Amino acid sequence: MDFNLLGFAGLGVFTGVVGALLGLGGGVVIVPFLVFAAHFEPQLAIGTSMFVVLLNSVSGACGYIRKKLACTGAAVCFSLATVPGAFLGSYAAAYLQGRVFFGVFGLFFLGVAFNMFRKANQSGEENGVTTVPEHYDKKLGIICSIFVGFLASVLGIGGGVIHVPFMIYVLRFPVKVAIATSTCILAVSAIAGVASHAYLGHIMWVAGLALGIGAAIGAQIGVRVAAAVKSALLMKAAGVLVALTGIRFLISALGL
């Protein structure tokens with residue numbers, strides 16, 4: 001292990017801030033770091049990241065609920081729908097090895113970056129509207145959430161990268177409400193993924209705790225920032241980071 005616990009905790013704080021701001025859970029930062037910098041095996045990186053996502057999202061969810069920004073009804077319904085997929089995803093993760101692993105992650109990160117730029121450039125999204133919707137297509141949300149649970153667990157990144165744009169573009173949630181609700185969904189759905197990865201021995205507990213404690217602290221900072229400022233510029237910057245990470249994964253998949 002090339003990093004000490006203080007370094008992991010510091011990265012955790014950064015992950016928590018970014019994760020809570022964007023409702024992503026933080027896996028888009030944790031997994032590449034553990035693979036490329038800390039030299040974790042892919043399955044250990046995925047499982048440990050899932051544990052960090054759990055701690056990060058629980059902390060962020062508590063903050064968003066206190067500020068009454070989350071649609072709790074949708075959060076409970078959608079999070080329960082992610083559980084079956086999360087269990088299946090933890091087992092599928094065992095087959096993501098070598099170039100297949102890097103290729104899947106590379107394409108996924110490029111898709112995430114595209115969605116970030118789309119959301120940042122959407123007009124009318126940063127108008128301060130934070131009204132929690134009373135009516136939305138619950139059945140469609142459940143169908144999407146089953147798929148999200150699988151993808152989140154198999155890649156160890158949390159499903160916010162799909163849930164947030166889905167709630168904004170399809171269910172028509174305000175941006176900040178979508179981010180808050182996504183964070184609450186992650187807090188529940190990550191439990192199933194962590195349980196399965198723990199059973200399979202995919203979690204490095206010491207590093208995960210250091211990262212997770214830092215992420216829990218950072219999430220509280222992220223909640224406060226998200227409630228006070230526009231996120232378009234931050235999302236564009238994060239999109240660049242995620243896109244570069246995706247390119248790095250694809251290069252590794254090609255064996256270059």
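What you see is a predicted model, and the numbers here were worked out from it, not measured in a lab. Numbers for residues simply follow the sequence, beginning at 1.
Taking 4.5 Å as the limit, some side-chain heavy atom of Cys184 sits within range of a side-chain heavy atom of Ile65. Side-chain contact between Asn56 and Leu186: absent, with no pair of heavy atoms (C-beta onward) separated by less than 4.5 Å. By the 4.5 Å heavy-atom criterion applied to side chains, Phe102 and Val35 are counted as neighbours.
Summarising the geometry of Ala198 relative to Trp205, their closest heavy-atom pair is CB-CZ2, 3.7 Å, with the distance given to 0.1 Å. Closest non-hydrogen pair, Ala20 versus Ile179, comes out as O-CG2, 3.4 Å. Of all heavy-atom pairs between Ala253 and Gly103, the closest is CB-N, 3.5 Å. Nearest approach of Tyr136 to Cys71, heavy atoms of both residues: CE2-SG, 4.0 Å. Across all their heavy atoms, Met204 and Thr48 have their closest contact at N-OG1, 2.9 Å. Summarising the geometry of Ile185 relative to Ser79, their closest heavy-atom pair is O-CB, 3.6 Å, with the distance given to 0.1 Å.
Between atom CZ of residue Phe40 and atom CD1 of residue Ile30 there is a gap of 10.0 Å, rounded to the nearest 0.5 Å. Interatomic distance, Leu244 CG to Phe109 CZ, rounded to the nearest 0.5 Å: 12.0 Å. Atom CE of Met167 and atom CZ of Arg172 lie 13.5 Å apart (nearest 0.5 Å). Atom CG of residue Asp137 and atom CD1 of residue Ile142 lie 9.5 Å apart, to the nearest 0.5 angstrom. Rounding to the nearest 0.5 Å places OG1 of Thr183 at 10.0 Å from CG of Leu69.
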Item to complete: Quick one: do Phe8 and Phe33 satisfy side chain to side chain contact (heavy atoms under 4.5 Å, CB included)? Show the steps, please.
Response: CA-CA 10 Å; Phe8 280 123; Phe33 170 82; 3.4 Å; yes
Item to complete: Before giving the answer on side chain to side chain contact (heavy atoms under 4.5 Å, CB included), spell out for Ile46 and His202 the whole-Å C-alpha distance, their side-chain angles and the decisive distance to 0.1 Å.
Response: CA-CA 7 Å; Ile46 292 171; His202 291 170; over 6 Å; no
Fill in: side chain to side chain contact (heavy atoms under 4.5 Å, CB included) evaluation trace for Ile203 with Leu44
CA-CA 6 Å; Ile203 299 176; Leu44 293 178; over 6 Å; no
Donor-acceptor pairs are to be reported for all side-chain atoms of residues 143-151 against protein atoms at under 3.5 Å, with residues two or more places apart or in another chain.
| residue | atom | partner | partner atom | Å |
| --- | --- | --- | --- | --- |
| Ser145 | OG | Gly141 | O | 2.7 |
| Ser145 | OG | His163 | NE2 | 2.9 |

Name the atoms and distances for all side-chain donor-acceptor pairs under 3.5 Å in residues 206-223, with sequence neighbours left out.
| residue | atom | partner | partner atom | Å |
| --- | --- | --- | --- | --- |
| Gln220 | OE1 | Arg66 | NH2 | 2.9 |
| Gln220 | NE2 | Ser59 | O | 2.6 |
| Gln220 | NE2 | Ser59 | OG | 2.8 |

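In summary, the aromatic rings of Phe249 and Phe108 are positioned with their centroids too far apart to meet the 6.0 Å limit.
Heavy atoms from other residues, nucleotides or ligands lying under 6.0 Å from CZ of Phe36 number more than 12.
Residues Val13 and Val29 are members of separate hydrophobic clusters, defined by side-chain heavy-atom contacts under 4.5 angstrom among Ile, Leu, Val, Met, Phe, Trp and Tyr. Hydrophobic clustering (ILVMFWY, side-chain heavy atoms < 4.5 Å, transitive): Phe78 and Val188 are in distinct clusters.
Residues that satisfy the side chain to side chain contact (heavy atoms under 4.5 Å, CB included) test with Val83, not counting sequence neighbours, are Phe87, Ala192. Taking the side chain to side chain contact (heavy atoms under 4.5 Å, CB included) definition, one finds that Pro133 meets it with Phe173, Pro174, Val177, sequence neighbours left out. Taking Leu107 as the reference, Leu250 meet the side chain to side chain contact (heavy atoms under 4.5 Å, CB included) condition, with sequence neighbours excluded. Listed by chain and number, the residues in a ring pair (Phe, Tyr, Trp, His ring centres under 6.0 Å) with Phe166 amount to none (sequence neighbours excluded). Residues that satisfy the side chain to side chain contact (heavy atoms under 4.5 Å, CB included) test with Leu54, not counting sequence neighbours, are Val58, Ala190, Ile191, Val194.
Ser182 places no side-chain N or O within 3.5 Å of a backbone atom of Ala178 that could act as its donor or acceptor partner.
Counting Ile, Leu, Val, Met, Phe, Trp and Tyr side chains that sit under 4.5 Å apart, directly or through other members, Leu80 shares a hydrophobic cluster with Val76.
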